[in-house]
2 protein chains.
Amino acid sequence: MARRRRSSQRVTMGEVAQLADVSPSTVSLYMRRPDEVSPRRAEKIQSAIDRLGYLPNTMAGGLASSRSNVIGVIVPTITNSFFSATLETLERHLRSAGYQLLIGNTEFDESREEELIRSVMSWNPAGLVLTGFLHSRKSLSLLANSDTPIVEMWDYGRPGLDMVVGFSHHASGRLVAEHMLGRGYRRTAFISTNFQRDVRAGDRYLGFRETIEAAGGRVVLRQLSGRSDTAETGRLLGELIAENPGIEAICCSNDMVALGVMFECQRQGWPIPDRLAVAGFGNQDFTASTVPPMTSVEPPRQEIGRHVARLLMARLRDGTTPQEGNLDLGVELVVREST
Amino acid sequence: MARRRRSSQRVTMGEVAQLADVSPSTVSLYMRRPDEVSPRRAEKIQSAIDRLGYLPNTMAGGLASSRSNVIGVIVPTITNSFFSATLETLERHLRSAGYQLLIGNTEFDESREEELIRSVMSWNPAGLVLTGFLHSRKSLSLLANSDTPIVEMWDYGRPGLDMVVGFSHHASGRLVAEHMLGRGYRRTAFISTNFQRDVRAGDRYLGFRETIEAAGGRVVLRQLSGRSDTAETGRLLGELIAENPGIEAICCSNDMVALGVMFECQRQGWPIPDRLAVAGFGNQDFTASTVPPMTSVEPPRQEIGRHVARLLMARLRDGTTPQEGNLDLGVELVVREST
DNA sequence: GGTAAAAATCGCAGCGCTACGATAGCTAGC
DNA sequence: GCTAGCTATCGTAGCGCTGCGATTTTTACC
């Protein structure tokens, strides 16, 4: 059995050069700008590469050029279809342009964000994508000393560090509220994942509440202890209605919470929307198929990914920021039978 | 306006050394094994680091040491709670040991896997985590020339490249089948996401079918065109029952599909489980709260992450593989009222 | 107080590549 | 046939760190 061979990456550019009978510089040039080497050598080099199974050493390249093809992306959690859909789109667009995503999870913890930013910045990244506007003092000072392009995504309406791509959560809440008022509901509740974990749910709540109250309605708030959990949601709804039997409509901070509410209504025999109207946020796939189909807000998950990629690439290509470096992609209310 | 400052990472180890009045080597040693430098200098170095806001250059370090703290992880999609929960756990465990995850998405495309493996290997990673056993010839040859530790996860029962952490999908299907047979169901159907996208769903189907047929039952198969989609699921179920009115139980390739089935039953007024029994796979949070609560298989999402991290770290620490380098974590059937 | 051993520090030679100026090879034009 | 003006290739000097052997300082003990 082979005892620990040299290293996992053995063939170097020099060996390729030797086999192809050119200088290492020519191989390097071929790798970076193939059309600048003559067809004859290009072919020889390529066949040497194939024969040796050469893989360039990204670290050496990055060090020498003091640029990297890394783009750091920091999200609260990848276990959430909101961010994961954005990540997937972002990844697709950036990878096709030769970039590599370095993904970090804060798990909704500000100090972890700081640590992640340090860790990502140590790669000398070409760009950095953060979620939202909330960053610790230390994170900010880390970023202040760098000229790495930064995009803050998934929120809008506050001054950003550099570029911003998102939408207003406050406006999303308002949109649902206006719809409910239009349907004649005044006595409402907002059931939410915990605001500590998810500040943006808090903004949606504020938008909802301000609009309902401005029209003379009332909003009762209930927060889950942590992430969306259908069992806890059911319990919370039960208590809520026991204490406030007059409530006519529930706005939920996301579709999973709304699903929990709908199941509980079904269990209790409360007809939707006649006894209780329900709206979600996220417009996930299943919302169209619940019984009755669920009214929900569609956030621009994929569009965010697309535009973040676009802005970043514009900046990296020519150092400029398109005039709309601050982008509100808006949301759309999808009205179905649950309200 | 400052015209493009030097680079986003300016302060070097040498500058820290100068300010702390020690040699660069000592700073390097301090960064790597702090307890080997005297407390007096350690303190001076640390304060210089703080004052200058020094961030080590990961690429330079990686090049010099020809090791990296990168671990590549390649999954079909992060937009799926199965893999994202594993990723989150894996990330937490590996990061706390100083590793950095490089995540790649194949989007269920074999050629993309190949490209991702190339891209990850060019980072000279400390380890590589793949999903499943299915890899293209080229991918295999890329991996054969390297001595990077590899873990294949989320499946079990075939010979792996190196280490394996997962469970048998075939056995999962069998488990559901045995349960259904125990309940007296013989005329069944399997509704699934497309096997092209998800080979493992195909294995669950085979396990289910073999067991049902061995007991003299029948299984009708329906595949969705792509990923789980509740609307399409409803349509498929309608057709299925129209053509096979005798069907008593449906096994679904995952919980989202099962949810679609349950909604359609509700819409059609078919009582669950009396007219139709339904089981899912994944035991997602909402399964406990559907009406009626859904029977589902619980895969070891987080455990996979934990054990992958453990095996990888054992190998990286002392070059050994724990004797159980091939790990079947098993699954558990959670029986609820839907069957 | 002197010395050997141990601990702390330092200096230097790369890691594998890129950038850039220098050189060689070619093409056209007269 | 010679040269200007290209284009294609090459040589060299780092990028910022680590690893290791050499050197200095400290510790321990007679």
Side-chain angles (χ1 to χ4, degrees), chain A residues 6-46 48-49 52-70 98 121-126 146, chain B residues 6-46 48-49 52-70 98 121-126 146:
Chain A
R6 276 311 301 129
S7 99
S8 48
Q9 179 171 276
R10 269 175 359 279
V11 5
T12 68
M13 197 172 252
E15 299 174 60
V16 172
Q18 209 170 329
L19 182 59
D21 200 31
V22 296
S23 80
S25 310
T26 307
V27 177
S28 172
L29 188 62
Y30 173 71
M31 305 286 328
R32 289 172 293 126
R33 299 194 294 271
D35 44 311
E36 287 183 27
V37 343
S38 68
R40 229 184 68 241
R41 323 235 169 176
E43 201 192 332
K44 279 169 69 181
I45 293 172
Q46 184 57 53
I49 288 174
L52 297 175
Y54 170 68
L55 268 184
N57 182 327
T58 309
M59 301 228 196
L63 178 60
S65 64
S66 64
R67 293 183 280 94
S68 84
N69 67 339
V70 165
M121 291 307 287
S122 81
W123 286 93
N124 210 191
S146 95
Chain B
R6 274 314 300 129
S7 99
S8 49
Q9 178 172 278
R10 268 177 356 280
V11 5
T12 70
M13 196 172 256
E15 299 174 59
V16 172
Q18 208 170 329
L19 181 60
D21 199 31
V22 295
S23 81
S25 311
T26 307
V27 177
S28 171
L29 188 62
Y30 172 73
M31 305 289 322
R32 287 172 295 126
R33 298 193 295 271
D35 43 311
E36 288 182 29
V37 341
S38 67
R40 229 185 66 242
R41 321 233 172 177
E43 201 192 333
K44 278 168 68 181
I45 293 172
Q46 185 58 55
I49 288 174
L52 298 175
Y54 171 67
L55 268 185
N57 181 327
T58 308
M59 301 228 194
L63 177 60
S65 64
S66 64
R67 294 183 279 98
S68 85
N69 68 340
V70 165
M121 291 307 286
S122 81
W123 286 93
N124 210 192
S146 96

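In the text below, chain A, chain B and the rest are named by the order of the sequence lines, each starting its count at 1.
- Comparing B:A60 and A:P24 against DNA chain C, the residue whose closest nucleotide sits nearer the 5' end is B:A60.
- Set against D:dC17, C:dC17, D:dG19, the side chain of B:T12 has D:dC17 as its closest nucleotide.
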- Query: What do the steps show when you test B:Y54 against B:L19 for side-chain contact (heavy atoms from CB on, under 4.5 Å), and what is the final call?
  - Reply: CA-CA 12 Å; B:Y54 171 67; B:L19 181 60; over 6 Å; no

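- Atom-to-atom, CG of B:L55 to P of D:dC17 comes out at 10 Å; the value is rounded to the nearest Å.
- At whole-Å resolution of the value, CG in B:L63 and P in D:dG16 are 12 Å apart.
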Using residues 27-40 of chain B as the side-chain source, report each donor-acceptor pair under 3.5 Å to any protein atom, sequence neighbours left out, with the distance given to one decimal.
from: B:S28; atom 1: OG; to: B:R32; atom 2: NE; distance (Å): 3.1
from: B:S28; atom 1: OG; to: B:R32; atom 2: NH2; distance (Å): 3.0
from: B:Y30; atom 1: OH; to: B:Q46; atom 2: OE1; distance (Å): 2.7
from: B:R32; atom 1: NE; to: B:S28; atom 2: O; distance (Å): 3.3
from: B:R33; atom 1: NE; to: B:E36; atom 2: OE1; distance (Å): 3.4
from: B:R33; atom 1: NE; to: B:E36; atom 2: OE2; distance (Å): 2.9

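- Between A:D21 and A:A64, it is A:D21 whose nearest contact on DNA chain D lies nearer the 5' terminus.
- Computed from coordinates, the B:M13 CE to D:dG19 C1' distance equals 13 Å when rounded to whole Å.
- B:M59 places its CE atom 12 Å from the P atom of C:dT18, with the value rounded to the nearest Å.
- Separating the CD1 atom in B:I49 from the CG atom in B:L55 is a distance of 10.0 Å, to the nearest 0.5 Å.
- Contacts between residues 26-40 of chain A and DNA chain D, counted as heavy-atom distances below 4.0 Å, involve A:T26, A:L29, A:V37, A:S38.
- Look at CD1 on B:I49: it is 17 Å from P on D:dG16, rounded to the nearest Å.
- Rounded to a whole Å, the CH2 atom of B:W123 is 14 Å from the P atom of C:dC17.
- With values rounded to the nearest 0.5 angstrom, B:R10 atom CZ is found 13.5 Å from B:N57 atom CG.
- Under the side chain to side chain donor-acceptor pair (under 3.5 Å) criterion, B:S25 pairs with no residue, sequence neighbours left out.
- Note on B:S25: every side-chain N or O is 4.0 Å or more away from OP1 and OP2 of C:dC10.
- Not counting sequence neighbours, B:Q18 has no partner by the side-chain contact (heavy atoms from CB on, under 4.5 Å) test.
- Distance from the side chain of B:N57 is smallest to D:dG16 among D:dG16, D:dC10, C:dT18.
- Using a distance-only test at 3.5 Å, with no hydrogens or angles considered, a donor-acceptor pair links the side chain of A:T58 to the main chain of B:S122.
- Here OG of A:S68 is found 11.0 Å from CE of A:M59. Values are rounded to the nearest 0.5 Å.
- Axis angle, first five pairs versus last five pairs of the helix from C:dG1-D:dC30 to C:dC30-D:dG1: 30°, rounded to 10°.
- Atom CD of B:Q18 is separated from atom P of D:dC17 by 14 Å (rounded to the nearest Å).
- Taking atom CD of B:E15 as the reference point, atom C1' of D:dC17 lies 14 Å away to the nearest angstrom.
- Applying the side-chain contact (heavy atoms from CB on, under 4.5 Å) test to B:S65 and every residue at least two apart in sequence or in another chain returns B:R67.
- OP1 or OP2 of D:dT9 sits under 4.0 Å from a side-chain N or O of A:R41.
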